[in-house]
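Take a look at the structure set out below.
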Number of protein chains: 2
Amino acid sequence: MSPPNKATVKALCNHPEWIGRADCRQCGILQQVLFSDLSADDLESILDGIFEPIDQYGYPPGTVLYHEGGQDNAVFTIRDGLVKLVRYGPDGDERIIRLLKRGDSMGLERLLGDSYEHTAIAVRNVKVCRIPLTVMQRLNADKPRLYRTLMEHWSACLFQADDHIMLLLSGTVRNRVINLIRWLAKVEATEEKGRVELLSGKEMASMLGVTIESVSRVIADLKRKKVLRYLGSSLYEYDANALDTYATAERKAP
Amino acid sequence: MSPPNKATVKALCNHPEWIGRADCRQCGILQQVLFSDLSADDLESILDGIFEPIDQYGYPPGTVLYHEGGQDNAVFTIRDGLVKLVRYGPDGDERIIRLLKRGDSMGLERLLGDSYEHTAIAVRNVKVCRIPLTVMQRLNADKPRLYRTLMEHWSACLFQADDHIMLLLSGTVRNRVINLIRWLAKVEATEEKGRVELLSGKEMASMLGVTIESVSRVIADLKRKKVLRYLGSSLYEYDANALDTYATAERKAP
DNA sequence: GACTTGCATTGAGATAGATCAATTTCCCAA
DNA sequence: TTGGGAAATTGATCTATCTCAATGCAAGTC
């Protein structure tokens with residue numbers, strides 16, 4: 001239930017990534033995920049009736065969960081960690097389309113089309129539930145109520161995409177980096193308040209459409225200004241107010 | 001059924017924007033829109049049973065169809081024209097989040113939330129069908145089949161958002177402008193092949209996150225290179241091959 | 001502990017694009 | 001047809017960001 005620490009992940013890497021059968025009845029984030037609209041009874045009958053199991057998997061950073069164009073017959077719910085959905089530009093450069101966090105779904109497009117639309121890659125240690133398409137189809141047929149939740153997940157993706165677009169349109173590199181940090185701080189809900197685990201420079205760069213060096217310079221500057229303080233392993237302490245100020249103060253500073 | 005010409009739009013402006021009751025049975029783009037999954041019988045029973053009518057409206061460019069945060073109780077289907085969904089930055093600058101074309105739906109977020117997420121503004125003369133929420137709700141209850149189409153529309157929005165993100169990450173201003181033109185050429189399906197009606201400079205700029213001047217310069221250059229030829233009223237003739245070449249040739253030309 | 005290997009950092013110079021400031025063109029209404 | 005206003009165009013700077021290149025640092029390996 002708690003985020004996997006380094007040791008457990010090591011373990012996951014040595015063993016296959018499989019963690020175990022999911023027991024949705026016990027799910028700690030049930031209210032956030034695909035089955036949130038179902039009653040306990042519904043849940044019960046589903047879990048009894050299905051013949052393909054819902055399994056949990058763990059992956060270390062960098063693992064590809066599925067490929068654009070690939071055809072694993074499942075959708076996924078993220079239990080923990082961070083996943084990037086990417087596409088590749090003409091020169092093979094990776095472009096991050098979306099970042100998914102705990103409670104988000106991915107691969108929903110498989111409900112409608114024949115393959116995945118992005119490549120999904122773990123950014124941190126990740127735990128996911130793999131829900132076979134057959135289960136989803138069965139559910140859709142049996143419990144139309146599920147549709148609403150499904151639509152909510154589509155719409156959540158869309159809102160996030162919209163935010164990303166706003167981010168990309170938000171002017172200077174400074175602004176974009178700061179807004180990205182604020183977003184990470186918001187969604188990551190690290191144990192300790194006031195701390196963020198940043199992405200790698202390359203990842204931030206390919207999410208914001210800027211160079212690694214520019215990102216690095218912005219962060220160096222924020223450190224100089226005491227807005228960020230490095231704690232080790234990409235973990236930073238941040239001054240929320242200062243961040244807010246800098247993010248909006250931009251644009252026409254004489 | 002055909003795109004509104006200048007005269008009809010004139011008429012629309014003088015009269016109220018209302019065009020008339022929609023007869024979905026006769027809809028020329030039925031296969032693209034929200035009701036595409038319903039059988040003729042279903043359609044029949046819906047149209048008979050509803051008490052709030054589905055109406056058609058026409059609007060000239062610049063008209064606001066709904067406001068972010070607004071609460072008109074309806075979703076819309078675009079019959080003709082082009083609509084921009086925008087949000088405003090901290091300094092009130094308009095940022096275009098999405099461009100919608102014939103067959104697209106807008107305002108679907110009202111099915112889930114209390115208000116619209118964007119401001120919708122006509123870019124060209126537009127014809128829309130206004131579908132009251134009550135109708136949608138009734139339909140969802142009666143015809144679960146509709147859910148699939150609905151999901152398809154959500155996913156279509158999302159794919160478009162993803163394309164926009166790729167566009168914004170696609171490097172130089174040149175690239176972005178060219179890719180935008182290619183996109184417009186693709187979706188606008190103007191009568192004559194090989195012609196596009198471009199957006200205003202300001203619109204392209206606020207869609208791509210660049211300045212008006214930069215856009216203008218790119219287009220001037222494309223004209224010089226005979227890739228575009230101006231025909232009047234923002235209509236251009238274009239050389240598709242050349243466009244493709246320029247779009248990809250970018251990035252590292254010595 | 002020394003060696004790799006992969007990132008992050010920093011500097012210096014090059015440049016795409018922004019900004020500022022005129023014009024010019026287009027469109028429409030009188 | 002003319003006139004006015006908005007939008008597009010063009011030129012001349014200026015600057016934020018990219019590029020290229022060198023260096024530093026940390027983690028894992030032998």
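Chain naming here is simple, since letters A, B, ... match the order of the sequence lines and numbering starts at 1 in each.
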### Message
Regarding A:Asp104 and A:Arg102, does a basic nitrogen lie under 4.0 Å from an acidic carboxylate oxygen?
### Response
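No, this pair does not count.
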
### Query
Does the distance from a Lys or Arg side-chain N to an Asp or Glu carboxylate O, for A:Lys226 and A:Asp239, drop under 4.0 Å?
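Looking at A:Asp239 together with A:Lys226, the answer is no, because their closest N to O distance does not fall below 4.0 Å.
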
Quickly work out the [X] [atom1] to [N] [atom2] distance and round it to whole Å.
X        : N      : atom1 : atom2 : answer
A:Glu203 : C:dG6  : CD    : P     : 16 Å
A:Asn175 : D:dA16 : CG    : P     : 13 Å
A:Arg176 : D:dT17 : CZ    : P     : 8 Å
A:Arg174 : D:dT17 : CZ    : P     : 9 Å
B:Leu228 : D:dT9  : CG    : C1'   : 15 Å

### Query
Partners of A:Asp162 by side-chain hydrogen bond (donor to acceptor under 3.5 Å, both in side chains), sequence neighbours excluded?
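Once residues adjacent in sequence are excluded, the partners of A:Asp162 under the side-chain hydrogen bond (donor to acceptor under 3.5 Å, both in side chains) criterion are B:Arg98, B:His118.
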
### Task
Looking at every strand, decide which applies to B:Tyr230 at a 4.0 Å heavy-atom threshold: base, sugar-phosphate, or nothing.
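Result for B:Tyr230 = sugar-phosphate.
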
#### Entry: Sequence neighbours excluded - side-chain hydrogen bond (donor to acceptor under 3.5 Å, both in side chains) pairs with any residue from residues 201-213 of chain B
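Pairs touching residues 201-213 of chain B that pass the test: B:Lys84-B:Glu203, B:Ser200-B:Glu203, B:Thr211-B:Ser214.
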
### Query
Less than 6.0 Å separating the ring centroids of B:Tyr57 and B:Phe76?
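No; B:Phe76 has its ring centre 6.0 Å or more from that of B:Tyr57.
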
### Task
Could you name each residue pair satisfying ring-ring contact (aromatic ring centres under 6.0 Å, His included) that touches residues 159-186 of chain B, not counting sequence neighbours?
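Pairs touching residues 159-186 of chain B that pass the test: none.
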
### Query
For the helix from C:dG1-D:dC30 to C:dA12-D:dT19, how many degrees between its two end axes (five pairs per end), to the nearest 10°?
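Angle reported: 10°, given to the nearest ten degrees.
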
#### Entry: Contacts of type ring pair (Phe, Tyr, Trp, His ring centres under 6.0 Å), residue B:Tyr236, not counting sequence neighbours
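B:Tyr236 satisfies ring pair (Phe, Tyr, Trp, His ring centres under 6.0 Å) with B:Tyr230 once adjacent residues are dropped.
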
### Query
At under 4.0 Å, does any side-chain N or O of B:Thr211 touch on OP1 or OP2 of C:dA18?
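Checking B:Thr211 against C:dA18: at least one side-chain N or O falls below 4.0 Å of OP1 or OP2.
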
### Message
Can you confirm whether B:Ile165 sits close enough to A:Ile165 that some side-chain heavy atom of one is under 4.5 Å from a side-chain heavy atom of the other?
### Response
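Contact flag for B:Ile165/A:Ile165 side chains = yes.
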
For nucleotides 8-15 of chain C, tabulate all protein N/O to nucleotide N/O atom pairs closer than 3.5 Å, reporting atom names and distance.
{"residue": "C:dA8", "atom": "OP1", "partner": "A:Gly201", "partner atom": "N", "Å": "3.1"}
{"residue": "C:dT9", "atom": "OP1", "partner": "A:Lys223", "partner atom": "NZ", "Å": "3.2"}
{"residue": "C:dT9", "atom": "OP2", "partner": "A:Ser216", "partner atom": "OG", "Å": "2.9"}
{"residue": "C:dT9", "atom": "O5'", "partner": "A:Ser216", "partner atom": "OG", "Å": "3.4"}
{"residue": "C:dG11", "atom": "N7", "partner": "A:Arg217", "partner atom": "NH1", "Å": "3.0"}
{"residue": "C:dG11", "atom": "O6", "partner": "A:Arg217", "partner atom": "NH2", "Å": "3.3"}

